[in-house]
Amino acid sequence: MSIFHDHKKLFTLATALFGTLTLFVAVFPSLYNEENSAPLYGSVPLTEQEEAGRQIYISNGCVGCHTQQVRNVDMDKTWGSRPGIASDYAYSTRKSIWQNSGTLMGTERTGPDLTNIGDRQPSQDWHLVHLYNPRTVMPQSIMAPYPWLFEIKDKVEKGDIKVNVPQEFLHGQKGVVVATQDALNLVAYLKSLRQVKLPDGTPDPAFLYKIEKAEANAAAGGAPAELNGTDLYGANCMACHQQNGEGLPGAFPPLKGSKIVLDDNPEIMVGIIMNGYNAQEQFGEMPAVGTNANLSAEEIAAIMNHEKTSWGNTAKKVTPEQVKKLMDLAKLSAPQQ
Amino acid sequence: MKFQTKKLYSKVKLVTITILLFFQPLLTFAQTDEGVSFFPNKSIGFIGLLVGLVIVAVALVFFLILKLAGNTNQFLEDKNEVQKDKFKKYMNNLNSSEIEILKKKRSQNNNRISILVLGFLSLVPQIMSAQTAPANREDLFSQPGVIITLVLIFIPLFLALVYLAAKVSTGFKNYVNNQKINEAEEFASYISETENIPSDAILDEIKHKLEYNITPNELSGIETPNDSKGLLKNISSETNYRFFASKRPPVKRPKIDPELTRLILWFLGTAVFWLFVGSSVGEYVGIKFIVPDADNYSWLSIGRLRAVHTNLVFWAWSTIGIMGLGYYIVPMVSNAPLNSIKNGWKALIAVNAAMLIGAISIMAGINNGGGEYREIIWPIMAVWAYGLLLTVINFIKTIAKRTTLEIYISNWFIVASYIFILIVATIAYIPMGQDGIGETIVQGYYMHQAVGMWFMFSMLGVLYYLLPQQLNKPIYSYSLGVLAFWSQILFYTVIGTHHFVFSALPWWLQTVAIVGSVGMLIPVTSGTINYLMTMRGSWSKISNSYSLPFFFVGIIYYFTGSFQGTAEAFRSTNLIWHFTDFTIAHSHITMYGIITFLLFGSIYAIVPRLTGKEPPQLGVGAHFWLALIGLQFYTIPLMIGGTLKGIMWAEGKPFIDSVVLMGPYWLWRAIGGTLMWLSHIVLAYNMYKMMRPSTDVDVKERAFEIINQNLEANSVEPKI
């Protein structure tokens with residue numbers, strides 16, 4: 001076996017084997033996908049400001065904790081309405097010689113997935129106060145605070161964007177918190193992260209590993225189990241309105257004692273959940289939570305009943321049938337995109 | 001698709017059970033499994049539990065049978081012996097005080113045995129029904145209530161079995177002993193007759209024999225041993241209290257070129273420095289999971305420090321350490337001097353400088369685009385790669401000058417790993433192409449090849465040299481090493497994409513990666529067998545060596561860690577574990593349990609040989625146990641927490657609940673991390689002890705230096 005005694009032959013053979021396999025599992029697939037994936041119709045490239053925000057996202061290593069990929073498994077439904085496809089990342093190209101393109105798909109979900117954060121949380125106010133210190137809006141959060149993206153000024157000057165940080169998070173510092181350009185850019189980038197709908201007629205790829213419980217229930221024909229309103233509230237509403245339903249003064253309105261929540265006629269409430277709300281000056285804009293998250297009538301009814309009967313609220317419960325009717329009504333008045 | 005995955009499950013099932021038996025307490029698994037109704041292997045935990053209980057029960061019955069068989073045989077043998085011969089045997093072991101004690105009445109208890117056997121038989125139908133009845137209706141097995149009930153039935157059944165075994169065993173013993181008591185009574189009456197008592201002469205002879213004592217030098221003599229072939233070395237004449245095994249000092253070897261020694265020590269020294277820095281950063285990141293508001297500096301924010309930690313422990317500590325070992329081993333097994341020491345210094349400076357600048361740049365926010373361990377921008381990594389390129393050219397030239405015919409297997413692994421990592425780095429960092437999903441395909445390839453074809457590959461080569469060297473025996477099988485070499489290249493190269501299972505990456509590429517992950521069992525098993533078989537028969541050496549305990553832990557983790565990696569790659573397990581802290585535990589099992597432990601062992605094997613100074617024994621012990629216990633505290637909670645987190649996501653619980661859930665597990669991780677970090681401080685101290693400049697004069701060495709100088713001076717004179 002001269003090959004084992006000849007270093008030239010031995011190392012050339014090993015390199016050739018490794019190199020060939022590399023070509024077939026890394027280089028060729030990579031080149032093929034570069035050439036054969038185009039952005040979806042309806043998706044827009046990042047604006048200059050959003051791109052600057054993406055640079056902030058990269059340089060602070062956000063990808064270490066946040067993924068940007070919706071896998072085709074059922075549990076990822078929370079993060080987007082359809083599984084991600086190659087075209088979703090087609091706009092991610094090399095911007096300079098010094099830096100890689102970076103799809104920012106990530107491999108670790110210490111924090112939530114951000115593929116669709118723009119739809120899920122379109123409020124700039126929420127993002128700013130959350131970035132200043134995540135525990136202002138989410139007491140259990142362990143996300144890092146980013147105070148260096150903000151300035152503390154004596155008073156708000158013209159063009160400044162004020163951030164309503166609760167006093168306890170200022171740690172004795174006096175003045176008002178104002179967002180820097182970096183913070184605004186980062187929020188612009190986060191708001192730009194939205195899943196684009198596939199062109200009409202193209203079916204979404206399926207989510208695999210469906211939850212069997214729900215299917216079994218349906219097959220048995222028995223009464224659908226009572227949905228857990230607390231969990232649904234936690235997943236969809238709590239980030240702004242808080243666990244205690246009191247909201248965040250100056251940013252998000254309370255639900256505790258809210259006229260709309262306590263109203264026996266659920267029409268306005270369903271309308272707000274389905275289409276969003278931006279009528280009150282002193283509060284941030286509410287996204288169309290129900291539409292964005294594709295909530296069913298049963299789920300919305302469970303959330304509403306949780307809100308109507310918690311934190312001292314005692315209003316009449318709603319039924320899914322009632323909600324279903326009002327949802328159809330709300331669809332008619334939905335703003336056209 | 002559904003059909004395919006279904007088929008996969010049935011195969012996966014068995015493997016998963018085996019693997020989970022390795023890594024997870026069985027009961028935890030059974031508990032957690034109840035919750036995930038969508039999880040396809042829903043009865044896996046139950047089956048595991050059932051199998052475990054049945055095995056215990058069978059083992060118990062088997063033990064009982066053996067025990068009974070043993071007793072019966074002994075009993076029958078005793079019966080068959082002629083009584084007179086037996087009495088003679090007793091006479092030879094005469095001890096008068098015993099005779100008094102044996103004169104006791106036997107107690108009758110013969111009925112007990114038959115009652116117990118009946119009781120056992122009456123239990124049999126119950127066991128049978130417990131096993132068979134629900135088996136016909138498989139869906140019942142997934143019901144938590146059924147599982148709990150069956151477990152509850154099993155517990156008393158199990159206890160009854162234990163009780164039964166004990167009772168039968170003592171009953172039988174009593175019976176046999178009763179027979180013996182009879183015999184003793186006969187013996188007593190036999191011996192009390194005068195004609196049967198031996199004469200005084202015989203008794204005195206026996207007494208004399210009993211009282212004989214050996215004098216101290218009777219066997220060894222008083223001559224000093226003449227060891228003409230020089231076989232006896234390292235004889236320790238001091239005896240200590242035997243609480244701890246004392247480590248054997250390294251055998252004095254011919255000195256290595258002092259210039260090369262200096263180079264290697266600088267490599268290993270800087271590596272340990274980076275380990276300390278890298279793990280301090282990691283420790284701080286771990287603490288920030290519990291105290292997120294620890295500081296407000298952008299340079300110390302968690303996203304940046306995480307990248308600093310991974311890059312430093314990968315590209316600084318492990319890489320520089322591996323290079324240092326290479327500079328020792330490659331010339332050694334080639335039996336030739338290193339081609340260029342100067343280029344070695346250049347490589348050392350390049351790699352260290354790149355890492356220093358790289359770490360600072362990440363903290364300053366300069367980032368290559370967020371790919372894991374690819375955060376340092378390419379111009380800096382080019383300097384790093386330059387250091388590796390210089391090194392591999394140096395190694396190949398050294399091998400070309402070798403004086404042995406064969407290229408020892410260590411050099412196969414070591415040189416090939418440099419070639420591979422340079423290819424991987426070029427593909428990953430080259431500043432062109434890689435748009436869109438192409439970047440992620442390369443990222444998967446890069447992440448995994450760096451680990452498997454660089455760190456692992458190089459360290460396997462190191463182990464093929466240092467393990468036999470430390471054991472002072474050849475490697476068990478050279479051809480298994482060759483098999484591991486080629487099969488690792490074949491399978492490992494294709495498994496990168498298993499970090500992106502279920503993602504938008506091509507489905508076929510994911511499948512290839514999963515198949516490759518299973519194929520990895522071939523090189524891993526052949527490697528583990530090879531190392532363990534080399535160690536076989538020398539287990540006692542582990543306790544009196546500095547390096548072998550580290551190697552042993554590394555080898556065990558090599559097997560379990562790699563096996564775990566295969567288990568994680570399957571789609572069904574990936575579903576639960578991907579994106580969770582389970583992955584973090586796995587990466588620490590492999591990069592710390594395997595690579596770092598092997599590096600520790602190698603340092604303790606090589607440095608004393610280079611400097612002639614031993615590390616403090618207590619220091620090495622403290623280092624070993626802190627690191628090992630720390631690693632357990634680090635990985636086990638993260639594996640449990642990660643599994644629970646994945647299940648929580650699958651159940652559709654709000655995300656923040658999974659963050660709250662992880663709190664205590666992250667705390668345990670920080671505690672384990674602290675222990676590991678402390679062990680690195682101990683290592684730094686041990687390094688200092690081994691490397692400190694010599695202050696004490698070796699009289700013998702100094703004397704010969706003087707003679708040598710005189711010789712040279714005398715031989716030069718005539719020329720002038």
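All values below come from the heavy atoms of this structure, side chains included, with hydrogens, waters and symmetry mates left out.
- Considering only heavy atoms from C-beta on, A:Ser141 stays 4.5 Å or farther from B:Val659 through its side chain.
- Here the straight-line distance linking atom CG of A:Leu17 with atom CH2 of B:Trp486 works out to 6.5 Å at 0.5 Å rounding.
- When each of A:Gly111, A:Ser87, A:Pro39 is scored by its heavy-atom pairs under 4.5 Å with chain B, the top score falls to A:Gly111.
- Using a 4.5 Å cut-off between heavy atoms, B:Ala364 makes no contact with chain A at all.
- Note on A:Ala206, A:Pro112, A:Pro147, A:Gly234: by heavy-atom pairs under 4.5 Å with chain B, the leading option is A:Pro112.
- Atom CH2 in B:Trp507 sits 5.0 Å away from atom CG in A:Asn72 (nearest 0.5 Å).
- Top candidate by heavy-atom pairs under 4.5 Å with chain B, chosen from A:Arg71, A:His7, A:Lys95, A:Arg54, is A:Arg71.
- Using a 4.5 Å heavy-atom threshold, the side chains of A:Arg135 and B:Asp293 count as touching.
- Of the two parts of B:Tyr445, only the side chain, counted from C-beta on, holds a non-hydrogen atom closer than 4.5 Å to a non-hydrogen atom of chain A.
- Of the possible polar contacts, one joining the A:Gln99 side chain to the B:Asn367 backbone as a donor-acceptor pair under 3.5 Å is found.
- Using a 4.5 Å cut-off between heavy atoms, B:Ile427 touches chain A through its side chain atoms alone.
- For a residue to count as touching a neighbouring chain, one of its non-hydrogen atoms must lie under 4.5 Å from one of that chain's; by this rule B:Trp508 touches chain A with the side chain only.
- Under the 4.5 Å side-chain criterion, counting only non-hydrogen atoms from C-beta, B:Thr493 is not in contact with A:Phe24.
- For A:Thr15, the parts lying near chain B are the backbone and the side chain together; criterion is any non-hydrogen pair under 4.5 Å.
- Within the 4.5 Å cutoff, the side chain of A:Thr110 has no heavy atoms near those of the B:Met662 side chain.
- Counting heavy-atom pairs under 4.5 Å between each of A:Val25, A:Ile56, A:Asn100 and chain B puts A:Asn100 at the top.
- In this structure, the separation between CG on A:Leu208 and CZ on B:Arg571 is 9.0 Å, given to the nearest 0.5 Å.
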